[in-house]
Amino acid sequence: MGSKDQGGGAASSGGGFFSSFAAGMRTWGTAVHKSVNGLLGYEGLEVINPDGGSDDAEEEALRGRWKQEDRDSYWKMMHKYIGSDVTSLVTLPVIIFEPMTMLQKMAELMEYCELLDKADECEDPYMRMAYAAAWAVSVYFAFQRTWKPFNPILGETYEMVNHQGITFLAEQVSHHPPMGVAHCENEHFTYDITSKLKTKFLGNSVEVYPVGRTRVTLKKSGIVFDLVPPLTKINNLIFGRTWIDSPGEMVMTNLTTGDKVVLYFQPCGWFGAGRYEVDGYVYSAQEEPKIMITGKWNTSMSCQPCDQEGEPLPGTELKEIWRLAPTPKNDKYQYTHFAHKINSFDTAPKKLLPSDSRLRPDRYALEMGDMSKSSSEKSRLEEQQRAEKRVREAKGEQFTPKWFNLTDAVSPTPWGDLEVYEYNGKYTEHRAAIDSSNVADETDITSIEFNPWQYGSSSSQ
């Protein structure tokens with residue numbers, strides 16, 4: 001590969017790489033995936049240090065957030081689940097959690113949503129896709145955090161405002177399998193996702209398959225994008241330093257025109273070789289490369305017009321289209337400034353729904369550093385969820401989401417079919433009624449009791 005710019009992308013002088021890369025990506029990116037190279041260490045487990053270094057493998061493996069006795073005990077409990085989908089099979093200790101839920105994690109994709117604003121304003125159809133693809137890549141810096149978010153309670157919601165003019169709403173619509181649905185909108189775009197995680201426990205690692213359907217509609221042009229991200233692998237869950245990688249292809253398709261973006265996320269090799277690197281192309285509907293895209297998902301992404309061979313066009317330059325914003329130093333949970341905003345009430349609307357993730361007592365206790373209270377509150381909420389399920393079954397009723405409707409559509413994904421939910425518009429009416437009200441909201445938002453329950457107090461029976 002040619003020389004690197006500051007963001008890790010190949011400079012225009014590195015066109016030879018793109019020529020050979022384009023040949024392998026011509027048929028919509030069916031490139032041969034490289035396997036992850038590893039070092040054998042503690043008990044034969046992979047113990048790659050993605051940050052580099054030459055520490056003894058066993059010493060590296062013994063590093064981690066768990067005490068020795070905790071790791072050994074948890075390993076004895078977990079090894080029987082090897083090869084299984086552990087999404088809802090086991091109760092996990094709060095020691096591995098971050099003070100955020102999966103619904104909030106979904107909202108993190110909006111940190112750099114100004115890239116979708118630029119896509120909407122862009123007249124060039126291929127640069128439009130380059131901006132949209134950079135937006136899809138930008139969230140991976142947040143995804144590398146090794147802490148687990150809380151699983152949302154059935155009926156839990158998350159609302160976000162005061163960021164780039166957007167209104168964001170997510171709702172947990174299924175407990176098993178866990179499914180979250182979200183709708184986001186501003187003057188430039190709408191974003192809709194149905195997400196169902198599927199996992200495979202491999203011993204000291206777990207693969208997470210993003211079974212979901214994403215639709216982004218740009219309002220000016222009316223075009224619709226579909227996104228299929230790569231799987232994510234969490235390495236060294238119990239032994240060694242935990243780290244996350246997302247090797248494979250990301251495909252974004254313009255459902256209106258047939259154009260596509262195919263980006264290849266390089267797998268992490270020995271001592272972090274290749275980690276973070278992303279390369280690919282914007283293709284026309286005729287499968288011709290139009291713009292090459294390169295960079296690192298933890299730093300920046302750049303693009304440059306190219307010819308049919310994938311070579312940079314003469315007289316053009318590599319243009320940076322996304323760069324990571326400054327982040328807090330030595331943050332306990334590796335949060336960005338935006339992640340802290342997501343947890344704060346600064347991004348909460350007036351008259352916050354009592355089902356909002358911010359109000360969860362287990363999440364808040366962990367944020368305050370009270371792990372014991374977080375653990376007990378987590379257990380209490382989970383038991384209350386089970387109690388409500390018993391009430392629902394006794395009544396012969398099904399859970400009904402409030403803000404989203406189940407459709408008849410079934411969306412195929414690389415990891416299985418997915419039932420699709422759609423936004424029903426009721427939240428827009430709800431928010432408009434509140435915003436038009438002359439009654440001031442003087443409620444202390446922190447005093448609102450978390451309440452996602454469909455049956456209210458009956459759920460505790």
Side-chain angles (χ1 to χ4, degrees), residues 94 97-111 113 142 149-172 180-186 328 331-333 335-371 373-374 376-378 380-382 384-385 388 401-404 423 426-457 459-460:
V94 294
F97 280 69
E98 63 176 330
M100 183 181 288
T101 72
M102 281 299 301
L103 298 182
Q104 294 173 279
K105 196 91 168 180
M106 292 170 69
E108 282 201 81
L109 190 55
M110 291 297 119
E111 177 165 7
C113 64
F150 285 89
N151 287 342
I153 299 295
L154 186 62
E156 185 174 324
T157 59
Y158 178 74
E159 302 174 82
M160 182 172 68
V161 295
N162 301 328
H163 176 70
Q164 300 293 333
I166 67 169
T167 298
F168 179 96
L169 172 71
E171 182 176 13
Q172 190 75 359
V181 187
H183 174 80
C184 180
E185 187 168 356
N186 71 0
D331 191 86
K332 180 177 181 179
Y333 292 104
Y335 277 7
T336 64
H337 292 292
F338 182 68
H340 284 290
K341 284 177 61 178
I342 284 177
N343 261 343
S344 77
F345 293 105
D346 293 340
T347 53
K350 184 170 69 171
K351 292 189 179 296
L352 182 69
L353 293 171
S355 50
D356 194 88
S357 297
R358 298 175 186 84
L359 303 174
R360 284 184 59 147
D362 53 353
R363 187 214 64 79
Y364 182 73
L366 183 61
E367 186 178 22
M368 295 296 101
D370 191 339
M371 196 167 295
K373 184 176 181 181
S374 177
S376 63
E377 290 289 354
K378 176 175 176 289
R380 182 180 66 83
L381 290 176
E382 290 170 347
Q384 196 165 354
Q385 182 168 228
E388 181 173 77
K402 190 171 185 178
W403 312 108
F404 297 86
Y423 176 61
K426 293 180 180 179
Y427 180 78
T428 301
E429 298 172 2
H430 165 79
R431 186 52 50 200
I434 290 176
D435 292 342
S436 62
S437 172
N438 293 325
V439 179
D441 181 16
E442 298 180 357
T443 304
D444 178 5
I445 203 167
T446 61
S447 68
I448 301 174
E449 183 178 356
F450 178 62
N451 182 16
W453 316 112
Q454 186 175 14
Y455 297 110
S457 60
S459 62
S460 61

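The structure displayed is predicted, hence computed values, not measured ones.
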_Given Ile153, Asp356, Asp362, the one that forms side-chain contact (heavy atoms from CB on, under 4.5 Å) with Phe450_ =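 By the side-chain contact (heavy atoms from CB on, under 4.5 Å) criterion, Phe450 pairs with just one of Ile153, Asp356, Asp362: Ile153.
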
So [Y] and [X], do their side chains get closer than 4.5 Å, heavy atoms only?
X      : Y      : value
Glu449 : Pro354 : no
Ser355 : Gln172 : no
Glu388 : Gln454 : yes
Tyr158 : Thr347 : yes
Glu171 : Lys402 : yes
Leu353 : Trp403 : yes
Tyr364 : Glu377 : no
Phe97  : Arg363 : no

*Qualifying salt bridge (charged side-chain N to carboxylate O under 4.0 Å, His left out) pairs with a residue from residues 337-346, counting only residues at least two apart or across chains*: none

*Not counting sequence neighbours, list each pair that qualifies as a salt bridge (charged side-chain N to carboxylate O under 4.0 Å, His left out) and has a residue in residues 427-437.*
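For residues 427-437, and leaving out neighbouring residues, the salt bridge (charged side-chain N to carboxylate O under 4.0 Å, His left out) pairs sorted by first residue read Glu159-Arg431.
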
For [X] and [Y], work out which heavy atoms get closest and say how close.
X      : Y      : answer
Trp453 : Asn451 : CD1-OD1, 2.9 Å
Ala107 : Met160 : O-CE, 4.0 Å
Ile434 : Lys351 : CD1-CB, 3.9 Å
Tyr427 : Pro349 : OH-CG, 4.1 Å
Leu103 : Glu156 : CD1-O, 3.4 Å
Lys105 : Ala142 : NZ-O, 3.5 Å

Mind checking the [atom1]-[atom2] spacing from [X] to [Y]? Nearest 0.5 Å is all I need.
X      : Y      : atom1 : atom2 : answer
Leu169 : Phe404 : CG    : CZ    : 4.5 Å
Ser357 : Ile342 : OG    : CD1   : 10.5 Å
Asn186 : Cys113 : CG    : SG    : 6.0 Å
Arg380 : Gln385 : CZ    : CD    : 12.5 Å
Glu367 : Asn343 : CD    : CG    : 4.5 Å

_Tyr335 and Glu98: side chain donor to acceptor below 3.5 Å_ = yes

*Side chain of Glu111, backbone of Glu108: donor and acceptor closer than 3.5 Å?*
no

*Between Phe168 and His163, does the ring centroid distance fall short of 6.0 Å?*
no

_Intermediate values then yes/no, side chain to side chain contact (heavy atoms under 4.5 Å, CB included), Tyr333 and Leu366_ = CA-CA 11 Å; Tyr333 292 104; Leu366 183 61; 3.7 Å; yes

